Amino acid sequence: MDLLADLNPPQREAVTHGGGPLLVLAGAGSGKTRVLVHRIAYLIREHAIPPARIVAVTFTNKAAHEMRQRIDALLGGSVARPIWIGTFHAICSRILRIDGERIGVPTGFAIYDEEDQRRVIRDSLEALRMDERRFPPAVIHAMIGRAKDEALDAGRYAARAASFLEEAAARVWRVYQERMRAQGALDFDDLIGEVLRLFDDHPDVLSKYQDRFAQVLVDEYQDTNHAQYLLVRSLSGRHRNITVVGDDDQSIYKWRGANVRNILEFERDYPDATVVTLAQNYRSSKTILAAAHAVIQHNPHRHPKDLWTANDPGVPITIHEAGDGGEEARFVIDEVRAHLASGGRLRDGVILYRTNAQSRVLEEECLKAGVPYQVVGSVRFYERKEVKDILAYLRLVANPSDNLSLRRALATPRRGIGDVTLGRLAAYAAAAECTLLEAMRRPEALQDTPRATTGALHAFLKVIDDLRALSADRTASQVITQALTLTGYQQMLEAEATDDAASRLENLRELITVAQEVEESTGEVGLIAFLQHLALVADVDTYRDDLDRVTLMTLHSVKGLEFPVVFLTGLEEGLCPHARAFDEEGGLDEERRLCYVGFTRAKARLVLTHARSRAIFGSPSISVPSRFLDEIPDDLLTRAAPRPVESKALSVTAGGRSHRRGPLVHFDVGARVRHAKFGEGEVLEVEGEGEGTIVTVRFPSAVKRLALTYAPLERAE
DNA sequence: GTAATGTGTTTTTTT
DNA sequence: AACACATTAC
């Protein structure tokens, strides 16, 4: 197959680039995945690079999987198998599995998810006798996480701590890290950090990987953080064959430590870098691209680029204003059905939103309308209780020092072991400096413990030991199958005999299927590899493009995907852009990029919706259309005819878009007020107080209900 | 030791 | 509205 056919000149230049650093600035829809895939194939076939000497970093496992398949499709057979393709986390996890013991990371190390990490943070706070109210675990956790993104460790962080809270975080970090180490656990950030430490402390290990990787490629480079930057620099340090691909306009993970400077300053880091710009968009209609451009243009500090397309203008962009979230959802679903009626498919459509909480209404309306859908993210499969419960047993088998998993496994199914017994074990373990599991095996740890309890403990130990014996020579899926029965979990759910229990059992069966799929696609069949793989599954990895269903997901998850029809919902001030972004430096720019990412997913049709009122924490609140809507030129738009509104006496408007500055003014009934647009009027009614206040005012032209927070209203006279 | 009940918190975004 | 967590009742 001709690897260069159908590539435009810059794409071809990127694909055929020989050695040395290469930066590919790839605008949305410009065929960047194609370039990466063809480049890797080209390196293998034309430059005779052995596949095993290539490492390619992708943003999701799904992208990794796809890339592998596409390379195989180009070169035939399973040539791509030996290539290291995966996310930063998956690749680091693999390196640690191989060489982690050099720095005291056990082969079977556990990867703690958000919930697990939070628990360890709270335990650490408790151990330090620090009050959760004064030091919120979530805040401390985030501070530590951000410092790890910067490749700091507890010591260096403590040394530069500049505030009381930072000093507190530094103290918690030390205890947190000690506890994590004691139970052989790593958090997501540690995966990167520990590899950096491994490379620092053991030059021979670093050398091994540097020699091995003749070519290093990184996708979505604009979303790498400093630690990842250092890692890439290390890995490519020997051969200096590094290819990075990205688009600064699509950087949407600053909050996770992503540093756009990595891409903006690549040429400074590598003065001999070749820079290729991909400016032709093959995805979207002219109209969609123009709208996206109009919006993103409002951001300062961009790498200037002139994205263009030869595609047709296509249809105008639709903006629809709904009364509330439910109405918005019904509008979107009606549109989906109309698309269906005119010969389209469900899988053509994606419904996007800023926050996961917005998915519920959409989901409800899909159910009501009988429209098949899939939600990506929100309640994650691997974070479901039953899945985590079973995994706790397996994690304990893989890593006997994982006390957190032990506690979890011990609790379900109920076996009559509670806080008292656990307290005794913990006290013994602390004194004897052993793991909880080890303490269970020592009779002296359980003096004064009732017969029944020790019996239950021994039964539990036998389950763990049996599973461990199995895991030595069985595949992960086989071990899980056994675990369901040996632990009594299956029996417990069957005994419950409710729909809920049945669906949980179904989820556990699904887990076995997943294990089989992972075994097939990666060739790694062991329990440890499976558990570590599972911990690193991204939301979007669960997206199935083979099902004919409309897809619901967040703007973050949709990065890298494309759809013929895109619905972008909840375009309201405070939601998109999100209120939390307002007081952060550059926060608004990032929200705008997020919006840009949403727009540029659309091939043919883009539908933007907002609601006048939206439920926040269950109670309705007034919404103002997003400023991003104002940034789209009118000639690209059509406004969808408002649906017939059920007779709500008056709709609530802000009557203007300016945000009120300064303190809220209070008005009493009867007061004279002046509005920038409607003139002078009299207050007829005041509902609520503070931020949510709605006043009804009689103006010469009409009676209006106004949201006090937003309406440009002032006292007359 | 466990189930039932009450209460407070939550919503950014995710590997 | 939904969930985690704490308290209470058994």
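Keep in mind that what you see is a predicted model, and the values were worked out from it rather than measured. Reminder, nothing fancy here: chain letters follow the sequence lines and each chain counts from 1.
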Undergrad: Mapping A:Glu591 and A:Leu536 onto DNA chain B by nearest heavy atom, which one lands closer to the 5' end?
TA: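 Between the two, 5'-proximity favours A:Glu591.
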Undergrad: With heavy atoms of chain A within less than 4.0 Å as the criterion, where does contact along DNA chain C begin and end?
TA: C:dA1 to C:dA6
Undergrad: Is the shortest side-chain N to carboxylate O distance from A:Asp324 to A:Arg614 below 4.0 Å?
TA: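 Looking at A:Asp324 and A:Arg614, the cut-off is not met.
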Undergrad: If only side-chain N and O atoms of A:Thr554 are considered, is one of them under 4.0 Å from the OP1 or OP2 phosphate oxygen of B:dT14?
TA: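 Result: yes.
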Undergrad: Any side-chain N or O of A:Asn356 below 4.0 angstrom from OP1/OP2 of B:dT14?
TA: yes
Undergrad: Between B:dA3, B:dT13, B:dT15, which nucleotide has the shortest distance from any of its atoms to the side chain of A:Thr355?
TA: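 Side chain of A:Thr355 sits closest to B:dT13.
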Undergrad: Between B:dT2, B:dT10, B:dT14, which one does the side chain of A:Arg414 approach most closely?
TA: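 The answer is B:dT2.
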Undergrad: Can you name the residues that form a side chain to side chain contact (heavy atoms under 4.5 Å, CB included) with A:Thr355, not counting sequence neighbours?
TA: A:Ala357, A:Gln358, A:Leu575, A:His578
Undergrad: Taking C:dA6 as the reference, what is the distance to B:dT11 when you measure between their C1' atoms (whole Å, please)?
TA: 23 Å
Undergrad: Where the side chain of A:Val420 is defined as all heavy atoms beyond and including C-beta, which of B:dG1, B:dT15, B:dT9 is the nearest nucleotide?
TA: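 In terms of side-chain proximity for A:Val420, the closest of B:dG1, B:dT15, B:dT9 is B:dG1.
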Undergrad: Using modelled atom types and a 3.5 Å cut-off, is there a donor and acceptor pairing between side-chain atoms of A:Gln532 and backbone atoms of A:Phe109?
TA: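 Such a contact is found between A:Gln532 side chain and A:Phe109 backbone.
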Undergrad: Taking the minimum atom-to-atom distance to the side chain of A:Trp255, which one of B:dT13, B:dT15, B:dT11 wins?
TA: B:dT13
Undergrad: Sort out for me which residue in A:Leu568, A:Thr569, A:Val550 forms a side-chain contact (heavy atoms from CB on, under 4.5 Å) with A:Val332.
TA: A:Thr569
Undergrad: Both conditions, 6.0 Å and 45 degrees, for the charged tip of A:Lys62 above the ring of A:Tyr543: are they met here?
TA: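 Judged by the rule, A:Lys62 and A:Tyr543 form no cation-pi pair.
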Undergrad: Remember a base hit wins even if backbone is also touched, and classify A:Glu590 as base, sugar-phosphate or nothing at under 4.0 Å, heavy atoms.
TA: nothing
Undergrad: Using a 4.0 Å heavy-atom cut-off, does A:Arg119 contact any base of the nucleic acid, only the sugar-phosphate backbone, or nothing at all?
TA: sugar-phosphate
Undergrad: By nearest atom, which of the nucleotides B:dT15, B:dG1, B:dT11 is closest to the A:Thr421 side chain?
TA: B:dG1
Undergrad: So, using side chain to side chain donor-acceptor pair (under 3.5 Å) as the criterion, who are the partners of A:Asp149 when residues are at least two apart?
TA: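 Residues passing side chain to side chain donor-acceptor pair (under 3.5 Å) with A:Asp149: A:Asn225.
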Undergrad: Any luck finding a side-chain donor-acceptor pair between A:Thr551 and A:Gln374 under 3.5 Å?
TA: yes
Undergrad: Would one find a side-chain N or O of A:Thr58 under 4.0 angstrom from OP1 or OP2 of B:dT15?
TA: no
